[in-house]
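So you know, we letter chains A, B, ... as the sequences are listed, proteins then strands, and number each from 1. Any value given below was found using the heavy atoms of this structure, including those in side chains, with hydrogens, waters and symmetry copies removed.
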Number of protein chains: 2
Amino acid sequence: MDTATDTLDKMAETFKLLGDRTRLAILGLLREKELCVCNIVDILHMSQPSISQHLRKMKAGGLVHERRQGKWTYYSLKVEDKPYIQQIVMEIPSQASKLKELDGPSLSTVSCD
Amino acid sequence: MDTATDTLDKMAETFKLLGDRTRLAILGLLREKELCVCNIVDILHMSQPSISQHLRKMKAGGLVHERRQGKWTYYSLKVEDKPYIQQIVMEIPSQASKLKELDGPSLSTVSCD
DNA sequence: TGATCATATAATGATATGCTAATATAAAGA
DNA sequence: TCTTTATATTAGCATATCATTATATGATCA
């Protein structure tokens, strides 16, 4: 296996991470702001283990950064050092509307498309 | 499902296509020039059905264009209309060295990394 | 210390993916 | 027409992936 082969495999692994609707949605959310696991669970209406596993994979793949604070684990994008990945994350349709309730008064205003 | 959801799914499908080592290699080859199936089979040392199936998927996903001429089917990139995909294809490590034998005198010079 | 909250991990099952082997199609030439 | 060449398609199998269920860890607080 030469260097180009290694790079090809690494690229493929990264795109596998991006080839999932839920993970793209998470990246779209993290583009707006750092979030804890429970925020993402609430917003995407998915189970906690499922979100946790997606985040673990993306962390292993170097796409997100983890920060622990008390009971919470906060995740944020880690794409500054990866120009073409950053480009891709910018292309994800905005998830900003789903973040509204985090700033607003009530969870009852969550949009459920 | 809203429009953003559709787009998210489409993006995920595209990245699934890119999340395979063989398909990335094929795209890297097609970046250099249009190729027929048998060329790709020879260069990548993979079975004809496997390559054919990968090409079919990429054609379905709109990444490549098919042109039939006589016994041969030629494939080429179809990414001009997709800026961020085009960007990605440019990032694929060069496969140009593997194309040498197509211009050179003998197949015995094929590089097999 | 015991209870609760936030998150992680493990086990399981269903579906998806990629390769191979075998066969089908279709064009070109003898 | 028969054969060869190039490609496509199908079926089968092994592995990978994703969601769920159940359980574990670890921090906070009464």
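Along DNA chain D, the nucleotide nearest to A:S47 and the one nearest to A:W72 differ in position, and the one closer to the 5' end is contacted by A:S47.
Per the geometry, OH belonging to B:Y74 stands 10 Å off P belonging to D:dA6, to the nearest Å. Going from atom CE of A:M46 over to atom C1' of D:dT17 covers 13 Å, rounded to whole Å. Distance CG (B:L55) to P (D:dA8): 7 Å, rounded to an integer number of Å. Rounded to an integer number of Å, the gap from B:R68 CZ to D:dA6 C1' is 10 Å. Put simply, CD1 on A:I51 is 16 Å from C1' on C:dT9, counting in whole angstrom units. Atom NE2 of A:H45 and atom C1' of D:dA19 are 17 Å apart (whole Å). Atom-to-atom, NZ of B:K59 to C1' of D:dT7 comes out at 12 Å; the value is rounded to the nearest Å. A:L18 places its CG atom 12 Å from the P atom of D:dC18, with the value rounded to the nearest Å.
Donor-acceptor pairing under 3.5 Å, judged by distance alone, is present between the side chain of B:Q53 and the base of D:dT10. Scanning atom types as modelled, one donor and one acceptor separated by under 3.5 angstrom connect the side chain of B:Q48 and the base of D:dA8.
Checking each of B:L17, B:D20, B:V64 against B:K57 for a side chain to side chain contact (heavy atoms under 4.5 Å, CB included) leaves exactly one that passes, namely B:L17.
Checking the phosphate oxygens (OP1, OP2) of C:dC19, a side-chain nitrogen or oxygen of B:S50 falls inside 4.0 Å. Neither OP1 nor OP2 of C:dA6 sits under 4.0 Å from any side-chain N or O of A:S52. Of the side-chain N and O atoms in A:R23, one or more sit less than 4.0 angstrom from OP1 or OP2 of D:dC18. Residue A:K57 places none of its side-chain N or O atoms closer than 4.0 Å to OP1 or OP2 of D:dT17. Note on B:R56: every side-chain N or O is 4.0 Å or more away from OP1 and OP2 of D:dA8. Contact between the side-chain N/O atoms of B:Y75 and the OP1/OP2 oxygens of D:dA8 is found at a separation under 4.0 Å. Between B:K71 and the phosphate of D:dT4, there is no side-chain N or O to OP1/OP2 separation shorter than 4.0 Å. One finds a side-chain N or O of A:H54 lying less than 4.0 angstrom from the OP1 or OP2 phosphate oxygen of D:dA19.
Between A:T73 and A:L55 the shortest side-chain heavy-atom distance does not fall below 4.5 Å.
There is a path of hydrophobic side-chain contacts, each under 4.5 Å, that joins A:V89 to A:L35.
Donor-acceptor pairing under 3.5 Å is recorded for the side chains of A:Y75 and A:E66.
The B:K16 side chain lies nearest to C:dT17 when the options are C:dT20, C:dT17, C:dT7.
At least one donor-acceptor pair under 3.5 Å links the side chain of B:R31 to the backbone N or O of B:I92.
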